[in-house]
Amino acid sequence: MRPSRKWMLWTFFLLVALVQLFPLLWLANFSIVEASGFFTDKILFWPDAPQWHNYVNAWVDGKFPRYLLNSVVVSAATIILTVVISVSMAYAFTRMQWKGRSVVYSIILLGIMIPIHATLLPNFAIFKELGLTNSYWGLILPYTAVSVPFATFILTGFMKSIPLAVEESAVVDGASIYRIVFRIILPLTMPAVVTVAVSTFLTCWNEFIMAYTFISKDALKTLPFSVMNFAGQYSSDYGSQFAVMVLTSIPAVIIYAIFNEKITKGVTAGAVKG
Amino acid sequence: MHKVLSNKLAIFTFVFPGLAFFLFMFVAPVILSFYYSMTDTIAPGLDVNMVGLSNYTELLFHDERFWLSLRNAILLGLGFVLIQHPICIFFAIMLDRIGGKSEKWFRTIFFIPCVISVVVISRMWLTLLDPTFGMFNKLLSVIGLDSLQHVWLGDPNTALGSLLTILIWSGFGWGLLFYYAGVKGIPEDIYEAARLDGAVGFKLHWKMTIPLLKPVIAVQMTLAIVTALKQMETVYLTTNGGPGDSTQFVAVYLYNQAFAASQYGYANAISILFILVCLLATFVSNKLVKGDSIEY
């Protein structure tokens with residue numbers, strides 16, 4: 001590419017990146033602006049008196065640590081369950097020989113297409129009957145169910161690319177099938193596992209409607225809820241509301257920043273090999 | 001080797017948990033939903049009165065809202081297919097060309113909105129588009145377009161368009177990532193060969209890159225349609241279907257019928273039709289756009 005065109009492209013990309021980031025920058029900016037500052041004509045500005053106490057409101061009155069803990073517990077449990085279930089299924093779908101494996105595979109993939117909103121109503125009835133509403137399991141189970149189909153799809157695509165010779169030598173050494181899957185295959189599928197773990201994390205961390213439906217006890221609510229709670233409690237104090245939103249988003253952005261390259265690699269492998 | 005890989009017990013142990021999850025979380029609810037859809041119950045656990053298929057006939061022949069929400073989903077789907085995805089494809093190709101460190105940086109920045117919770121996104125855009133202190137109207141006045149200032153989400157004429165804008169903004173990163181992965185899968189020597197044949201710039205990409213991306217585009221088109229149909233949280237948290245029914249979507253409608261209007265039986269009938277519509281849409285768009293190599 002010629003330097004002049006490269007330069008034009010660069011400027012254009014920079015502009016678009018600014019448009020992408022602007023709403024978030026604005027959110028962060030106005031989280032330290034006092035209420036009256038919302039009516040100025042300024043677009044982005046450093047306030048004369050930064051309202052850091054908005055973050056204190058968010059942390060204390062927003063019960064941020066409590067919701068943070070809930071989000072961490074639910075996300076961690078879901079990720080572990082999803083990875084274990086999907087890795088074993090993907091192995092059975094790619095390597096093991098059994099009748100009906102392509103049928104079962106297609107059935108599992110149907111889970112990607114079935115809208116969770118359609119299963120919300122009956123699940124609400126079932127969970128209520130089983131006493132799963134207002135418990136961590138009431139979120140972990142549906143989150144896992146939603147994550148497994150996509151995770152299996154990605155992992156199956158990735159496992160196809162691992163040469164069979166890897167297992168052959170292990171079998172000769174007398175390793176059991178479980179040892180092969182979790183000690184030999186799992187480390188080799190790590191790039192895809194990371195993709196799956198991060199995308200599952202983002203789903204759990206940000207999910208709203210199931211939590212909103214299945215959880216009503218304050219002590220069990222997850223982070224997206226804190227935003228809603230706070231919006232009701234501090235309805236006119238936009239600065240504090242924005243502070244909660246910023247705090248909620250930070251962990252997700254950090255996780256993304258750390259695993260950014262791995263996500264791209266995992267998606268690339270999955271998308272290309274299908 | 002063969003013996004180890006056809007170990008029945010191991011296969012069962014590997015597949016059963018996932019399958020059990022599927023049965024418990026997808027199949028059982030659908031069956032229960034079908035049962036409730038033939039009743040006029042107002043909330044789960046309350047009196048159940050069988051009413052046969054009357055909920056379905058009501059829904060299909062007398063419920064304008066249901067059809068309106070499907071129409072909105074189709075409009076939104078068209079918006080995704082005709083606006084969002086061409087933008088994503090364009091950026092994916094350009095991103096690959098820009099190369100070096102900036103390629104990585106731009107890719108990272110473009111994806112950031114995708115990691116933000118839908119609750120934050122919705123509330124943020126509600127304030128951005130707020131008619132009194134919203135940033136969007138302020139920006140318009142800064143560039144001298146005061147006349148265009150508007151109650152964006154509160155006007156039936158602009159509500160759906162505003163919603164599409166929010167969704168394009170927040171979904172841009174995922175679309176870009178998948179197309180980018182597709183572009184990266186095209187070997188560089190194919191480009192070299194095309195250049196030797198005299199193809200450059202726009203023509204090169206139109207004749208070469210786009211056709212080679214066909215499998216990815218096929219999958220993404222199906223996903224775009226399904227995403228439009230499944231739209232729920234962003235709508236629920238911003239317009240809740242309004243004003244009027246101008247942004248009504250099936251999932252929002254069924255949710256409000258069940259939990260706000262106490263029409264649990266009827267809402268379950270919507271759920272069942274909703275699943276059928278999604279599966280049908282997947283099937284049809286798969287058939288329509290399917291390339292020869294991709295399987296999904």
Side-chain angles (χ1 to χ4, degrees), chain A residues 1 9-10 13 17 20-21 23 26-27 38-39 41 43 85 88-89 91-92 95-98 104 107-108 111 113-115 117-119 121-126 128 141-142 144-145 148 168 171 177 202 206 208-209 224 227-228 231 238 245 248-249 252-253 256 260 264 267-268 271-272 274, chain B residues 1 4-7 10-11 14-15 17-19 21-22 25-26 29 32-33 36 44-45 94 97-98 102 106 108-110 112-113 115-120 123-124 127-128 133 135 138-139 177-178 181-182 184-185 216 226 230 232-233 251 255 258 267-268 271 274-275 278-279 282 294-295:
Chain A
M1 207 180 285
L9 193 62
W10 221 90
F13 265 53
Q20 273 298 89
L21 285 187
W26 180 74
L27 187 78
F38 276 75
F39 295 93
D41 289 334
I43 309 273
I85 291 176
S88 20
M89 274 213 291
Y91 189 80
R95 294 298 222 269
M96 314 225 24
Q97 282 130 16
W98 48 293
V104 178
I107 291 175
I108 296 292
M113 297 306 168
I114 295 178
H117 310 102
T119 54
L121 308 183
N123 272 338
F124 178 64
I126 295 174
K128 224 172 139 186
L141 294 180
T144 307
V148 162
E168 268 159 10
V171 170
I177 185 83
L202 290 175
N206 297 330
F208 168 69
I209 200 70
V227 177
M228 291 305 287
Y238 281 98
M245 298 205 255
T248 304
S249 309
V253 173
Y256 168 63
N260 166 25
T264 316
V267 170
T268 315
V272 175
Chain B
M1 187 71 191
V4 178
L5 288 182
S6 47
N7 178 344
I11 293 169
F14 287 155
V15 177
L19 206 54
F21 255 97
F22 187 81
M25 297 298 308
F26 290 107
L32 188 68
S33 195
Y36 275 124
M94 289 301 123
R97 293 290 101 184
I98 208 166
S102 36
F106 282 124
T108 309
I109 292 172
F110 291 152
I112 285 178
V115 308
I116 309 289
S117 170
V118 64
V119 181
V120 174
R123 295 213 65 87
M124 184 180 79
T127 37
L128 274 171
F133 59 84
M135 188 48 59
K138 255 185 234 174
L139 277 175
L177 184 57
F178 280 107
K184 284 282 163 197
V216 188
V226 176
K230 282 180 172 178
M232 152 89 202
E233 280 93 336
Y255 199 82
N268 274 291
S271 293
F274 185 28
I275 294 173
C278 283
L279 292 180
T282 309
I294 199 87
E295 33 175 336

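Lettering of chains follows the sequences in order, A, B, ..., and the numbering in each one begins at 1.
Ring centroids of A:W98 and B:F14 are separated by 6.0 Å or more, keeping the two rings apart.
Heavy atoms of A:I108 lying under 4.5 Å from chain B belong to its backbone as well as its side chain. Looking at A:L121, both its backbone and its side chain come within 4.5 Å of chain B, counting heavy atoms on both sides. Within the 4.5 angstrom heavy-atom criterion, only side-chain atoms of B:F22, from C-beta onward, approach chain A.
Residues A:M89 and B:L19 share a closest heavy-atom pair of SD-N, 4.4 Å. Of all heavy-atom pairs spanning A:L141 and B:F21, the tightest one is O-CE2, 3.4 Å.
The main-chain N or O of B:P29 is never found under 3.5 Å from a side-chain atom of A:N123 such that the two would form a donor-acceptor pair.
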Handout entry: Criterion side-chain contact (heavy atoms from CB on, under 4.5 Å) on B:F26 and A:I114, from CA distance to verdict
Key = CA-CA 8 Å; B:F26 290 107; A:I114 295 178; 3.9 Å; yes
Problem - Candidate pair B:M25 and A:T119, rule side-chain contact (heavy atoms from CB on, under 4.5 Å), full reasoning - result: CA-CA 8 Å; B:M25 297 298 308; A:T119 54; over 6 Å; no
Exercise for the section: Given side-chain contact (heavy atoms from CB on, under 4.5 Å), test B:I116 with A:V253 step by step and report yes or no. Expected result: CA-CA 8 Å; B:I116 309 289; A:V253 173; 4.1 Å; yes
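Going from atom CD1 of B:I11 over to atom CE of A:M96 covers 4.0 Å, rounded to the nearest 0.5 Å. Distance check, rounded to the nearest 0.5 Å: CG of B:N7 to CD1 of A:I177 gives 6.5 Å. Atom CD in B:E233 sits 3.5 Å away from atom NE2 in A:H117 (nearest 0.5 Å).
The shortest side-chain heavy-atom distance between A:P115 and B:K230 falls under the 4.5 Å cut-off. Using a 4.5 Å heavy-atom threshold, the side chains of A:F124 and B:P44 count as touching. Put simply, the side chain of A:F208 reaches to within 4.5 Å of the side chain of B:V119, judged on heavy atoms. Counting heavy atoms from C-beta on, the side chains of B:N268 and A:P122 come closer than 4.5 Å. With a 4.5 Å cut-off on side-chain heavy atoms, B:L279 and A:M113 count as touching.
When each of B:L128, B:V226, B:V15 is scored by its heavy-atom pairs under 4.5 Å with chain A, the top score falls to B:L128. Comparing A:N260, A:V227, A:L202, A:I209 by heavy-atom pairs within less than 4.5 Å of chain B, the highest count is held by A:I209. Ranked by heavy-atom pairs shorter than 4.5 Å toward chain A, the options B:T108, B:L32, B:V118 are led by B:T108. With chain B as partner, the option from A:T248, A:T144, A:V104 having the largest number of non-hydrogen pairs under 4.5 angstrom is A:T144.
Below 30°, between 30° and 60°, or above 60°: for A:F13 and B:F110 the angle between ring planes is between 30° and 60°, a tilted geometry.
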